[in-house]
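The structure appears right after this line, and notes come after that.
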Amino acid sequence: MRALLQREACGGELGEKRGCRSQGAGRGRAQRGRCAASPRPALRSPGVKSSRAAALSCSRACSCCLAPWMLPRPSLSLLPRFCSFLPIATMSSKTSTFHLQQPLNYRAGARIQPVDGSHNEEVYEPATGRVMGKFLFSGEKEVDLAVQSAKAAFKIWSQKSGMERSRVLLEAARIIRERREEIATMETINNGKSIFEARVDVDISWQCLEYYAGLAGAIAGQHVQLPGGSFAYTRREALGVCVGIGAWNYPFQIACWKSAPALACGNAMIYKPSPLTPISVVLLAEIFTQAGVPNGLFNVVQGGAATGQFLCQHRDVAKVSFTGSVPTGIKIMEMSAKGIKPVTLELGGKSPLIIFSDSVLENAVNGALMANFLTQGEVCCNGTRVFVQREILEAFTEEVVKRTQKIKIGDPLLEDTRMGALISRSHLERVLGFISQAKEQGAKVLCGGELYVPDDLKLKNGYYMRPCVLGDCRDDMTCVKEEIFGPVMSILPFDTEEEVLERANNTTFGLAGGVFTRDIQRAHRVVAALQAGMCFINNYNISPVELPFGGYKMSGFGRENGRAAMEYYSQLKTVCVEMGDVESVF
Ligand SMILES: NC(=O)C1=CN([C@@H]2O[C@H](COP(=O)(O)OP(=O)(O)OC[C@H]3O[C@@H](n4cnc5c(N)ncnc54)[C@H](O)[C@@H]3O)[C@@H](O)[C@H]2O)C=CC1
Ligand SMILES: C[N+](C)(C)CCCC(=O)O
């Protein structure tokens with residue numbers, strides 16, 4: 001985990017080669033007008049003149065240089081004054097103090113109230129159960145205006161060269177890095193995940209933009225020689241107005257995973273976040289505008305299923321990329337089928353994690369924790385079916401339970417919290433319901449699985465539970481077959497490789513899978529046999545943006561991240577050129 005986070009925060013070896021670390025460590029804050037890792041001087045917010053502000057701005061830009069736990073904590077109460085587009089709301093670093101003030105739709109380069117809508121919906125702070133404000137679910141007219149605005153911007157953007165688009169995306173990445181703490185704080189407040197994890201999400205987000213900025217300039221066609229001097233060439237062209245529909249578990253990151261390749265390929269995007277987490281994506285929209293995308297190129301439309309349907313059914317929408325549940329994915333595909341629109345579906349999972357007896361036990365335990373408890377277990381690719389070879393079942397179980405009991409639960413904005421609140425009261429009850437059912441079906445709760453009420457009075461209505469490890473599990477139990485989307489690990493003993501592969505693949509899902517073993521041949525043999533789109537050997541749930549991510553079977557199709565995603569946001573045109581005369585057969 002540490003190594004992973006350090007890599008995320010530093011940009012790996014590159015950061016060190018550029019000398020970021022020595023610059024950050026060796027010079028005073030006020031002198032640091034420029035980060036060596038940053039391609040340009042830190043951008044000053046309009047109206048901010050003082051050298052102190054510049055220093056603060058730089059110290060945040062330099063956050064890429066040090067691992068998160070080594071960073072001085074910026075004074076968050078100062079952030080609104082230094083952020084050009086705030087306040088979207090009353091910003092604060094403290095739980096229970098945030099109030100939503102600004103509209104959450106974003107169209108033609110500005111936050112707006114939708115022109116029509118079905119009803120107002122409340123936004124909750126999961127850490128406290130408090131309502132932070134309300135927003136309107138957009139109607140059909142608003143959706144249409146967003147599409148028209150995106151169409152106009154597409155005309156401008158799609159004519160730009162890849163290098164021109166690249167520069168804008170790099171600038172957006174730089175601003176995200178600069179505003180890392182503010183975005184992570186917002187994500188934590190609205191989602192309930194720990195600030196520690198939210199910072200990693202923001203790092204993966206700007207890395208995603210940087211990665212696709214790199215690929216934008218490399219988009220190219222092919223030249224094909226034909227007889228008689230004739231030839232053909234191919235053009236990789238944008239699709240048009242793409243729709244992104246996201247889930248609530250990684251609100252900012254999912255929006256970046258969709259918009260970065262979409263924009264790199266020359267498309268416009270209309271994004272609809274989950275109504276449970278409507279806030280942080282508006283920051284992304286503002287950042288794109290600030291970075292220089294044409295007004296209307298990235299619009300945000302808020303709402304639920306009905307708003308999503310208006311978007312999917314709109315005749316001027318060229319593609320839909322969806323992250324969410326299987327039942328909704330099916331509906332999206334049906335709607336898109338009517339307009340012959342390509343879709344990318346990132347759906348749920350019930351992924352296997354296979355631990356052989358020759359594994360390094362400490363790594364296997366760490367891997368199982370990473371595979372189950374990030375973001376309160378609300379992760380689609382989690383390895384929730386933990387198959388453990390019988391010889392080490394006892395030792396593994398004892399250690400994993402001990403480590404799970406030590407996970408610090410509580411106020412997600414505190415530095416040492418590692419598990420925050422689940423997304424909503426109803427989701428918490430659903431997860432606890434799975435645990436009751438597991439007990440009825442014969443599973444044994446080895447730890448956790450009950451409500452957690454923090455001592456801090458302001459958190460007493462938050463949606464907390466203790467992470468749970470279930471033993472005595474069988475493959476036919478509901479907790480082993482269905483996606484729980486909460487902090488619940490099921491341990492299943494196995495004896496042979498052949499047997500475990502059969503059982504691991506016996507699911508309708510196919511998003512991810514992992515194997516821990518010291519036997520190199522077995523490791524590769526096992527992942528080759530796993531029916532899953534994203535496989536890990538001796539690790540789990542790391543997310544380098546260079547790697548394609550997506551599912552097999554009912555976990556969906558299409559890929560996000562990696563070079564592969566470029567294929568899903570572009571189309572190929574072949575141009576055949578005749579250099580001679582036309583020979584007609586008629
Ligand atoms: N594979 C992946 O990358 C991920 C998959 N998930 C899956 O998502 C689920 C949790 O997320 P939820 O937000 O509850 O899923 P959901 O499927 O209920 O909603 C996802 C999004 O779709 C929208 N939506 C709902 N009905 C729609 C319709 N008829 N037409 C168009 N849009 C519609 C929602 O408003 C939301 O923005 C998990 O169960 C998990 O399986 C979540 C995160 C990542
Ligand atoms: C970032 N990661 C790999 C932990 C999860 C990404 C997929 C999701 O949105 O659930």
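Since the model is a prediction, treat every value here as computed from it, not as a measurement. Every number for a ligand or one of its atoms is a count from 1 in the order of the listing.
Looking at Leu347 against ligand 1, only its backbone comes within 4.0 Å, counting heavy atoms. Residue-level proximity to ligand 1 for Glu483 is carried by the side chain, the only part with a heavy atom below 4.0 angstrom. With a 4.0 Å cut-off on non-hydrogen atoms, Met335 touches ligand 1 through its side chain and not its backbone. For Tyr250, no heavy-atom contact with ligand 1 is shorter than 4.0 Å. Looking at Asn249 against ligand 1, only its side chain comes within 4.0 Å, counting heavy atoms. Contacts with ligand 1 closer than 4.0 Å are made by side-chain heavy atoms of Lys331 only, the backbone lying farther away. The backbone of Pro273, and not its side chain, has at least one atom closer than 4.0 Å to an atom of ligand 1 (non-hydrogen atoms only; backbone = N, CA, C, O).
With ligand atoms numbered from 1 in the order given, ligand 1 contributes 1 (N) to contacts under 4.0 Å with heavy atoms of Leu511. Within ligand 1, the atoms closer than 4.0 Å to a non-hydrogen atom of Ile332 are 31 (C), 32 (N), numbered from 1 in the order shown.
Nearest non-hydrogen protein atom to atom 42 (C) of ligand 1 is Phe485 CZ, 3.4 Å.
Considering backbone and side-chain atoms together, Asn249 places an N or O closer than 3.5 Å to an N or O of ligand 2.
Taking the six-membered ring for Trp and thresholds of 30 and 60 degrees, Trp248 and Phe485 have ring planes more than 60 degrees apart, a perpendicular arrangement.
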